[in-house]
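All remarks here apply to the structure that follows.
Computed from a predicted model, the values in this text were never measured in an experiment. Atom set for the values below is all heavy atoms of this structure, side chains included, hydrogens, waters and symmetry mates excluded. Start at 1 with the first residue, then count along the sequence.
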Amino acid sequence: MTVVIVNYNSGSLLVNCVHAVLHQVQQIVVVDNASSDTSLIELENKLSSKKLHIVRLHNNIGFAAGCNVGFNLSTEPLTLFLNPDCILQENSLQRMVEIIESDTHIGMVGGFLVNPDGSEQGGGRRAIPTPWRAFVRAFGLYHLEKFWPRLFFDFHLNNKPLPHVPIEVEAISGALMLVKREAIDEVGLWDENYFLHCEDLDLCVRFRQKKWKIIFIPDAPVVHFQGTCSRSRPFFVSWHKHKGMLRFYQKFFLRQYPKALMGLVTLAVWSRFGIAVMFLSAQYCCKLLKIRI
């Protein structure tokens with residue numbers, strides 16, 4: 001198996017991430033998106049292995065493009081795309097391999113993403129956020145799900161009871177994604193027109209279009225220190241997240257839904273971005289005031 005890790009200023013977490021998988025795989029490819037911190041220096045000083053291959057990029061080309069660089073260097077039938085702020089727990093990878101190899105129709109599996117406090121993290125298991133589902137979520141209509149579950153379905157499945165066995169889902173998180181090479185060869189590589197958000201949903205949609213199963217594994221826990229690599233550039237990250245949302249909706253749903261609904265979804269996305277900018281600006285101002293005081 002090959003592990004592909006796209007790194008950007010992840011600090012000491014990169015060392016911990018690589019250390020957790022080093023003795024479980026045949027190859028680790030770390031693609032560095034022009035980091036300015038000491039994460040690569042720490043990795044080279046603390047971990048030395050013939051399995052480890054580091055690719056230093058001169059520019060930040062984004063997550064999807066970074067994944068493709070790593071995948072094209074892989075030599076194994078299975079590839080694990082792993083965020084540098086993820087720490088695999090004992091036996092989790094073994095369990096993921098067991099499930100993906102149990103059925104020729106399974107093309108992708110994901111584990112149980114948890115926060116450092118042990119609570120389930122959003123995104124590890126989810127449904128595809130279609131325009132209607134996004135509209136329901138954006139305007140709080142998901143609170144009506146208990147009365148009309150099919151109409152006001154909430155695509156955030158982490159709000160539902162944790163299953164006892166692996167189950168098929170519509171999408172998992174790109175932070176932890178084990179895939180078969182034969183599936184990627186059929187479906188295609190990551191869409192590099194996304195910079196850092198919704199590219200995992202895009203890949204999941206294309207897997208399902210080609211009839212590959214996606215499985216969520218509840219007994220394969222992985223601790224995810226979410227947001228570690230994006231804290232230094234919050235406005236930049238927010239812009240690309242919302243831009244990615246619009247690309248995703250336009251790519252897969254533009255011709256399937258009424259223009260009025262797509263217009264509302266677009267309005268909701270940009271409204272959400274405006275609110276995010278105001279919130280981030282307020283946070284920044286508060287920090288400045290504290291520093292001056």
Side-chain angles (χ1 to χ4, degrees), residues 63-64 105 107-110 112-113 120-163 166-177 183 187-188 190-216 218 226 237-279:
F63 179 73
H105 295 99
M108 177 192 300
V109 302
F112 179 38
L113 287 179
E120 183 175 2
Q121 197 170 91
R125 52 175 174 137
R126 49 185 164 168
I128 296 298
T130 63
W132 172 250
R133 290 172 178 172
F135 177 80
V136 166
R137 183 71 189 179
F139 290 95
L141 299 177
Y142 61 92
H143 292 296
L144 300 174
E145 183 181 12
K146 57 184 177 182
F147 303 110
W148 298 284
R150 296 187 63 181
L151 183 61
F152 298 110
F153 175 72
D154 188 358
F155 57 82
H156 288 287
L157 301 183
N158 60 294
N159 295 324
K160 295 174 173 54
L162 187 69
I167 61 168
E168 184 173 358
V169 294
E170 293 182 7
I172 57 175
S173 172
L176 176 71
M177 187 178 277
V187 171
W190 295 74
D191 184 345
E192 297 184 9
N193 289 303
Y194 298 94
F195 191 83
L196 53 70
H197 191 68
C198 285
E199 63 280 287
D200 51 357
L201 288 172
D202 181 294
L203 192 62
C204 288
V205 170
R206 289 188 283 128
F207 263 61
R208 287 172 55 80
Q209 287 176 340
K210 294 294 185 179
K211 309 302 181 184
W212 287 99
K213 292 181 181 179
I214 301 171
I215 305 296
F216 166 73
Q226 193 173 32
V237 169
S238 185
W239 164 256
H240 281 288
K241 279 187 175 182
H242 291 84
K243 186 179 178 182
M245 289 181 199
L246 286 182
R247 171 167 178 76
F248 176 73
Y249 293 134
Q250 291 171 357
K251 180 176 179 178
F252 293 105
F253 303 110
L254 188 61
R255 297 180 181 178
Q256 299 179 27
Y257 283 79
K259 290 183 179 179
L261 179 58
M262 292 302 294
L264 285 173
V265 169
T266 301
L267 176 63
V269 169
W270 287 123
S271 297
R272 188 177 184 273
F273 174 66
I275 294 170
V277 168
M278 288 189 290
F279 179 75

Would you give the length of the straight line joining atom CZ of Arg125 to atom CZ of Phe112, rounded to the nearest 0.5 angstrom?
7.5 Å

Could I get the full list of salt bridge (charged side-chain N to carboxylate O under 4.0 Å, His left out) partners for Asp202, not counting sequence neighbours?
Arg206, Lys251

Heavy-atom nearest pair, Pro163 first then Phe216, reads CG-CE2, 3.9 Å

Minimal non-hydrogen separation, Ala64 against Asp191, with atom names
CB-O, 3.3 Å

Applying side chain to side chain contact (heavy atoms under 4.5 Å, CB included), can you list everything that pairs with Phe195, at least two apart in sequence or on another chain?
Asn60, Phe236, His240

Is there side-chain contact between Ile128 and Phe248, with at least one heavy-atom pair below 4.5 Å?
yes

Which atom of Trp132 lies closest to which atom of Leu151, heavy atoms considered
NE1-O, 2.7 Å

So, taking the atom named CG in Leu144 and the one named CG in Asp154, what distance separates them when rounded to the nearest 0.5 Å?
11.5 Å

Gly174 and Trp190 have their tightest heavy-atom pair at CA-CH2, 4.3 Å

Using every non-hydrogen atom in the two residues, find where Leu203 and Met177 come nearest and quote the distance to one decimal.
CD2-SD, 3.8 Å

Donor-acceptor pair, side chain of Thr130 and main chain of Arg133, under 3.5 angstrom:
yes

Which atoms form the tightest heavy-atom contact between Pro129 and Tyr249, and what is the distance?
O-CE2, 3.0 Å

With under 30° as parallel and over 60° as perpendicular, where do the rings of Trp148 and Phe152 fit, or are they tilted in between?
perpendicular

Trace of the side chain to side chain contact (heavy atoms under 4.5 Å, CB included) decision for Leu196 with Lys241:
CA-CA 7 Å; Leu196 53 70; Lys241 279 187 175 182; 3.8 Å; yes

Side-chain touch Arg126/Cys204, heavy atoms, less than 4.5 angstrom:
no

Residue list, salt bridge (charged side-chain N to carboxylate O under 4.0 Å, His left out) with Glu145, at least two apart or on another chain
Lys160

Would you say His197 and Met245 make side-chain contact, with heavy atoms under 4.5 Å?
yes

The residue among Ile172, Asp200, Val169 that forms side-chain contact (heavy atoms from CB on, under 4.5 Å) with Met108 is Ile172

Under 4.5 Å between any side-chain heavy atoms of Tyr142 and Asn159, yes or no?
no

Apply side chain to side chain contact (heavy atoms under 4.5 Å, CB included) to residues Leu201 and Phe252 and explain how you reach the verdict.
CA-CA 11 Å; Leu201 288 172; Phe252 293 105; over 6 Å; no

